[in-house]
Structure formats: C-alpha cells, structure tokens
Amino acid sequence: MTEAFEPVIVGFTCNWCSYRAADLAGTARIKYPPNIRLIRLMCSGRLDPTFVFKAFSSGADGVMITGCHPGECHYVEQNYKAMRRFILLQRTLAQFGIEPRRVRLVWASAAEGHRLAEEITNMVEEVRQLGPLNWPTAPDGVQVTRSVEAI
C-alpha cells in the first residue's frame, strides 16, 4: 500500500503580525493542517533568500513567507523589501525548475488568525496537488531529508 503524500511546508513568519496571527489561530482553536513548521523572524524584510533555498534543499515541498500588511510594518518599509525579494525569488526558483506556486507571500495582521489558517490550508492543498519536490541531493552533496527538524 502506497502512503499518501503529505507535503512539508516551511513558514517564515514576522514576529509582530503573522507569528501572532498563528498564535491567535492556536489559542482560538482554529484548525489548519499540521504540515507547516513556522520559523519566527523579527520581520519579513529580514528573510534572506538563502533561507528559502535551504528549506527546499533540506526537503521542504513549499515555503510560505508571511508578514505585516504593506504600510503597517513595525520596521517602517521592510515588508516592501520582502515583496521585492519575493518577486526576484520566484524568478530565481523558476530557473531551478521549481513551480512558482511552491512559494507564497501572505500578509496577515495579528488579528487575522482565521485568515492565516485558511492560507495555510490552501497552500498545503495546492502543494499536495503539485506533488513532492524531490530534489535528489543538497548542493553540498548531502542526502536530502524529509525531516523538518533538519531544516
């Protein structure tokens, strides 16, 4: 019997808004798939694109980047920087043959736990339909693991 594919999603979240939205979803008992592992950053603008490459090369099937709504960043304009980086990141990943739908940028304020849960659910379903990424080896030749803890 073949096991059903369950995607591994890595989520990079802004400390001030989207991480708190995820916390709100948890405390309000809003259900979303357990396929996502959240990594808190101080700001979405602090996301180095190499973090996304590392997530994929370590076995992630998708990456979600979340932050404050444009114009509401605690670090003034850093989410605009995240938006520009996201566009360049999608272009770069396309050169590697990675479908653009495997990376998603979501704006969610601290009060939008329900919205964030919906976005996570939608992304998990979309990546499930895309199937596993199946990168055979990491850039340094190390065998890729499906373990999120290694990411």
Side-chain angles (χ1 to χ4, degrees), residues 2-23 25 32-109 112-113 115-151:
T2 305
E3 203 174 298
F5 168 64
E6 283 300 324
V8 174
I9 311 291
V10 174
F12 294 102
T13 63
C14 159
N15 178 61
W16 302 105
C17 285
S18 53
Y19 188 80
R20 304 211 189 269
D23 191 40
Y32 59 86
N35 303 63
I36 192 163
R37 305 303 185 272
L38 300 178
I39 299 172
R40 180 170 40 173
L41 303 172
M42 287 309 291
C43 179
S44 59
R46 296 281 304 175
L47 177 70
D48 189 314
T50 59
F51 296 174
V52 176
F53 300 137
K54 175 67 175 169
F56 282 129
S57 69
S58 297
D61 298 300
V63 173
M64 179 179 275
I65 303 162
T66 63
C68 304
H69 287 278
E72 297 179 10
C73 181
H74 286 70
Y75 297 101
V76 187
E77 296 182 356
Q78 291 302 302
N79 50 9
Y80 291 109
K81 178 179 173 182
M83 191 182 324
R84 289 189 302 271
R85 281 185 172 173
F86 173 74
I87 293 166
L88 292 173
L89 184 62
Q90 279 194 310
R91 291 178 186 165
T92 303
L93 290 170
Q95 295 297 312
F96 289 118
I98 296 176
E99 298 94 340
R101 296 184 330 210
R102 290 190 185 271
V103 182
R104 184 172 292 185
L105 179 62
V106 174
W107 306 124
S109 73
E112 295 180 307
R115 180 180 185 290
L116 184 63
E118 284 177 6
E119 290 287 346
I120 291 169
T121 302
N122 292 341
M123 183 165 190
V124 168
E125 287 304 315
E126 194 166 345
V127 173
R128 187 177 285 134
Q129 290 174 358
L130 289 171
L133 183 58
N134 287 331
W135 271 14
T137 58
D140 57 5
V142 176
Q143 187 63 32
V144 173
T145 178
R146 297 279 304 155
S147 167
V148 174
E149 285 73 28
I151 299 172

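Residues take their numbers from the sequence shown, with the count starting at 1.
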Working note: Glu119 + Thr66, criterion side-chain contact (heavy atoms from CB on, under 4.5 Å); need CA distance, chi angles, decisive distance, verdict.
CA-CA 10 Å; Glu119 290 287 346; Thr66 63; over 6 Å; no
If I take atom CD from residue Gln90 and atom CZ from residue Phe86, how far apart are they, to the nearest 0.5 angstrom?
3.5 Å
Whether Phe96 and Phe53 hold their rings parallel, tilted or perpendicular, with breakpoints at 30° and 60°:
perpendicular
Rounded to the nearest 0.5 Å, how far does CD1 of Ile39 lie from CZ of Arg37?
10.5 Å
Hydrogens and angles aside, do Ser18 and Thr13 bring a side-chain donor and acceptor to less than 3.5 Å of each other?
no
Side chain Arg102, main chain Asp61, donor-acceptor under 3.5 Å:
yes
If you define the side chain from C-beta out and look only at heavy atoms, does anything of Arg101 sit under 4.5 Å from Leu130?
yes
Step by step, work out the side-chain contact (heavy atoms from CB on, under 4.5 Å) result for Phe51 and Val63.
CA-CA 10 Å; Phe51 296 174; Val63 173; over 6 Å; no
Salt bridge or not between Glu125 and Arg128? Use side-chain N to carboxylate O under 4.0 Å.
yes
For the CE atom of Met83 and the CG atom of Leu105, what is their distance to the nearest 0.5 Å?
7.0 Å
Drop me the distance from His74's NE2 to Trp16's CH2, to the nearest 0.5 angstrom.
6.5 Å
Taking the six-membered ring for Trp and the single ring otherwise, decide whether the centroids of Trp107 and His69 are under 6.0 Å apart.
no
Which atom of Gly71 lies closest to which atom of Tyr80, heavy atoms considered:
N-OH, 3.3 Å
Hey, does Leu89 have a side-chain heavy atom less than 4.5 Å from the side chain of Val52?
yes
For Cys68, does its backbone N or O pair with a side-chain atom of Asn79 as donor and acceptor, under 3.5 Å?
yes
Polar side-chain atom of Ser57 near backbone of Lys54 as donor-acceptor pair, under 3.5 Å
yes
Are there over 12 heavy-atom neighbours, none belonging to Glu77, within less than 6.0 Å of that residue's CD?
no
Taking the side chain as everything from C-beta on, heavy atoms only, tell me whether Ile98 gets closer than 4.5 Å to Leu133.
yes
Taking atom CD1 of Ile120 and atom CD1 of Ile36, what is their separation to the nearest 0.5 Å?
4.0 Å
Sub-3.5 Å donor-acceptor pair from the side chain of Glu112 to the main-chain atoms of Ser109, do we have one?
yes
I'd like to know if the side chain of Arg85 reaches the main chain of Leu47, judged simply by a donor and an acceptor atom lying under 3.5 Å from each other, with no hydrogens or angles considered.
yes
Please assess Val124 against Ile9 for the test side-chain contact (heavy atoms from CB on, under 4.5 Å), listing each intermediate value before the final yes or no.
CA-CA 7 Å; Val124 168; Ile9 311 291; 4.0 Å; yes
Rounded distance (nearest 0.5 Å) linking atom CG of Asn122 with atom OH of Tyr32:
14.0 Å
Side-chain ion pair, Glu126 and Arg104, N-O less than 4.0 Å:
yes
